[in-house]
*Asks:* 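Can you read through this structure? Questions will come right after.
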Amino acid sequence: MMTAIELVVLDMAGTTVRDDGVVEQAFQRAAERTGVADRMPWPQALQYVRDTMGMSKIDVFTHLAGGDVAAATAATAAFEGAYSEIIADQGVLEIPGAAEAIAGLRDAGLKVVLTTGFAPVTRDALIDALGWHDLIDLALSPVDAGRGRPAPDLVLTALLRTGTPSVQAVAVVGDTSSDVESGRRAGAGFVAGVLSGAHDRDALADADAVLDDVTALAGALVERDLVGRVLAARTP
């Protein structure tokens, strides 16, 4: 018998929050301001950033800095500052329908936790801008859990903090291969990739399902008999 899903762990940028290239812009500003990527050609550094979307930013910058933790720490701070500048200038938008999708999950009795590779200051700025504090149960960054994705720590911390009884009762959803790998490593009962962000269908192939976006999640859970009657009744 399949375990019913009780907790949904959702990534932020690219999954519930529109990115529109902001992460790449912030990485470029941070690299220019700190020189952290000077040891390699910029196209190579940018490709690494794209390949590792969803991972903890300090881990990405540590690689770009050739293992220099001090340089990576400075670059991460510069990234967070640059990201804040960009969203203050351009504003923040949700993936269309994301708030309604989250509200539907919670109305059906599921808990929803947002996770991100951003530091708490950036994460909270996004949630403030969207007005989502009352929409979710919890939001987590790598510093809250121990390690960032693709490690399972964010998923397992969400489980522990929400009192979810089993990893099989957890659904993990994200737009990157590191989101999918994190869910797999945690032993989540359902892992879905979404095509609204950084990675394509091939990169998300290890997921149980690849969805167009987060608005298709409820239907996917219902189709697999992973939710109770309340959500099923709300899903066309």
*Asks:* If you link ILVMFWY side chains whenever their heavy atoms are less than 4.5 Å apart, which other residues fall into the same cluster as L46? By chain and number, please.
*Replies:* W42

*Asks:* Drop me the distance from R185's CZ to D153's CG, to the nearest 0.5 angstrom.
*Replies:* 9.5 Å

*Asks:* Using every non-hydrogen atom in the two residues, find where P96 and R18 come nearest and quote the distance to one decimal.
*Replies:* CD-CD, 4.2 Å

*Asks:* Are I127 and V22 connected in the hydrophobic side-chain network, where two residues link if heavy atoms are under 4.5 Å apart?
*Replies:*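 I127 and V22: one cluster.
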
*Asks:* Would you list the pairs meeting salt bridge (charged side-chain N to carboxylate O under 4.0 Å, His left out) in which at least one residue belongs to residues 156-169, sequence neighbours left out?
*Replies:* none

*Asks:* With sequence neighbours left out, write down each residue that passes ring pair (Phe, Tyr, Trp, His ring centres under 6.0 Å) with F61, or none if nothing qualifies.
*Replies:*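 Result, ring pair (Phe, Tyr, Trp, His ring centres under 6.0 Å) vs F61: F27.
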
*Asks:* Run the side-chain contact (heavy atoms from CB on, under 4.5 Å) test against D51 and tell me which residues pass, sequence neighbours left out.
*Replies:*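 Scan of D51 (side-chain contact (heavy atoms from CB on, under 4.5 Å), adjacent residues dropped) gives Q47.
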
*Asks:* Closest heavy-atom contact between R147 and P152?
*Replies:* NH2-CD, 4.0 Å

*Asks:* May I ask whether Y83 and V49 are part of the same hydrophobic cluster, defined by side-chain heavy atoms of I, L, V, M, F, W, Y residues being less than 4.5 angstrom apart, directly or through others?
*Replies:*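 Y83 and V49: one cluster.
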
*Asks:* For A207 and V180, which heavy atoms make the closest approach, and how far apart are they?
*Replies:* N-CG1, 3.7 Å

*Asks:* Are the side chains of L217 and F190 in contact, using a 4.5 Å heavy-atom criterion?
*Replies:*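 Sidechains of L217 and F190: in contact.
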
*Asks:* Answer yes or no: is there a donor N or O on one side and an acceptor on the other, between the side chain of D89 and the main chain of I86, under 3.5 Å?
*Replies:*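 Side chain of D89 to backbone of I86, a donor-acceptor pair under 3.5 Å: no, none is there.
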
*Asks:* Rounded to the nearest 0.5 Å, how far apart are CG of D68 and NE2 of H63?
*Replies:*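 Here the rounded value is 13.5 Å.
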
*Asks:* For residues 4-16, which side-chain N or O atoms pair as donor and acceptor with protein atoms under 3.5 Å away, sequence neighbours left out?
*Replies:*
unit_1	atom_1	unit_2	atom_2	d
D11	OD1	R149	NH2	2.9
D11	OD2	T15	OG1	2.9
T15	OG1	D175	N	3.1
T15	OG1	D175	OD1	3.0
T16	OG1	D11	O	3.0
T16	OG1	M12	O	3.4

*Asks:* Looking at P142 and T116, what are the two nearest heavy atoms and their distance?
*Replies:* CD-O, 3.0 Å

*Asks:* For F118 and R123, work out which heavy atoms get closest and say how close.
*Replies:*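 Of all heavy-atom pairs spanning F118 and R123, the closest is CB-N, 4.2 Å.
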
*Asks:* Can V173 be reached from V222 by stepping across I, L, V, M, F, W or Y side chains whose heavy atoms are under 4.5 Å apart?
*Replies:* yes

*Asks:* For V143, is there any backbone N or O sitting under 3.5 Å from a side-chain donor or acceptor partner on S141?
*Replies:* no

*Asks:* Using side-chain contact (heavy atoms from CB on, under 4.5 Å) as the criterion, list what pairs up with P43, not counting sequence neighbours.
*Replies:*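 For P43 the side-chain contact (heavy atoms from CB on, under 4.5 Å) partners, ignoring immediate neighbours, are P41.
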
*Asks:* May I ask whether V194 and V23 are part of the same hydrophobic cluster, defined by side-chain heavy atoms of I, L, V, M, F, W, Y residues being less than 4.5 angstrom apart, directly or through others?
*Replies:* yes

*Asks:* With sequence neighbours excluded, tell me which residues meet side chain to side chain donor-acceptor pair (under 3.5 Å) with D19.
*Replies:*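 Counting only residues at least two positions away or on another chain, D19 forms no side chain to side chain donor-acceptor pair (under 3.5 Å).
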
*Asks:* Checking E32 now: which residues fulfil side-chain contact (heavy atoms from CB on, under 4.5 Å) with it, not counting sequence neighbours?
*Replies:* Q28

*Asks:* Which distance, rounded to the nearest 0.5 Å, do you find between the CG of L130 and the CG of L93?
*Replies:*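 Rounded to the nearest 0.5 Å, the CG-CG separation comes out at 8.0 Å.
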
*Asks:* Do D179 and T176 have side chains that get closer than 4.5 Å, going by heavy atoms?
*Replies:* yes

*Asks:* When you measure from the side chain of H199 to the backbone N and O of L204, does any donor-acceptor pair fall under 3.5 Å?
*Replies:* no

*Asks:* Is there a path of hydrophobic side-chain contacts, each under 4.5 Å between heavy atoms, that joins L140 and I102?
*Replies:*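 They do not share one cluster, since no chain of ILVMFWY contacts under 4.5 Å joins L140 to I102.
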
*Asks:* Looking only at heavy atoms, which two atoms of A98 and T215 are closest? And how far apart?
*Replies:*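 Nearest pair, atom of A98 first, then T215: N-CG2, 4.4 Å.
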
*Asks:* Might you work through the side-chain contact (heavy atoms from CB on, under 4.5 Å) test for V113 and I136, ending with a clear yes or no?
*Replies:* CA-CA 6 Å; V113 173; I136 60 173; over 6 Å; no

*Asks:* How long is the straight-line distance from CG of L64 back to OG1 of T52, given to the nearest 0.5 Å?
*Replies:*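 Output value for this atom pair is 7.5 Å.
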
*Asks:* side-chain contact (heavy atoms from CB on, under 4.5 Å) between W132 and V112: does it pass, once the steps are laid out?
*Replies:* CA-CA 12 Å; W132 280 7; V112 176; over 6 Å; no

*Asks:* Got a donor-acceptor contact below 3.5 angstrom from the R224 side chain to the A220 backbone?
*Replies:*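 Side chain of R224 to backbone of A220, a donor-acceptor pair under 3.5 Å: yes, one is there.
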
*Asks:* Can you sort out the partners of E80 under side chain to side chain donor-acceptor pair (under 3.5 Å), two or more places apart, ordered by chain and number?
*Replies:*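 Partners of E80 under the side chain to side chain donor-acceptor pair (under 3.5 Å) test: T122.
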
*Asks:* If you measure from CG on D213 to CD1 on I95, what distance do you get to the nearest 0.5 Å?
*Replies:* 7.0 Å

*Asks:* Whether the side chain of K111 engages the backbone of T162 through a donor-acceptor N/O pair (distance < 3.5 Å, no angle test) should be reported.
*Replies:* yes

*Asks:* Name all residues meeting the side chain to side chain donor-acceptor pair (under 3.5 Å) criterion together with E223; count only those two or more places apart in sequence or in a different chain, and write none if there are none.
*Replies:*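 By the side chain to side chain donor-acceptor pair (under 3.5 Å) rule, E223 matches no residue at all.
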
*Asks:* Going by the rule side chain to side chain donor-acceptor pair (under 3.5 Å), which residues pair with R106 if we only count those two or more places apart in sequence or in a different chain?
*Replies:* D137

*Asks:* Judged by atom type as modelled, is there a donor-acceptor pair below 3.5 Å linking the side chain of E94 to the main-chain atoms of G97?
*Replies:*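 Yes: the side chain of E94 pairs with the backbone of G97.
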
*Asks:* Is a side-chain donor or acceptor of S182 paired with a backbone partner of S178 at a separation under 3.5 angstrom?
*Replies:* no

*Asks:* Just how far is it from atom CG of D124 to atom NE2 of H133, taken to the nearest 0.5 Å?
*Replies:* 5.5 Å

*Asks:* Given 3.5 Å as the limit, does a donor-acceptor pair link the side chain of Q168 with the main chain of T3, or not?
*Replies:* no

*Asks:* Any pair with a residue in residues 197-208 that passes salt bridge (charged side-chain N to carboxylate O under 4.0 Å, His left out), sequence neighbours left out, goes on the list, sorted by first then second residue, please.
*Replies:* R184-D208

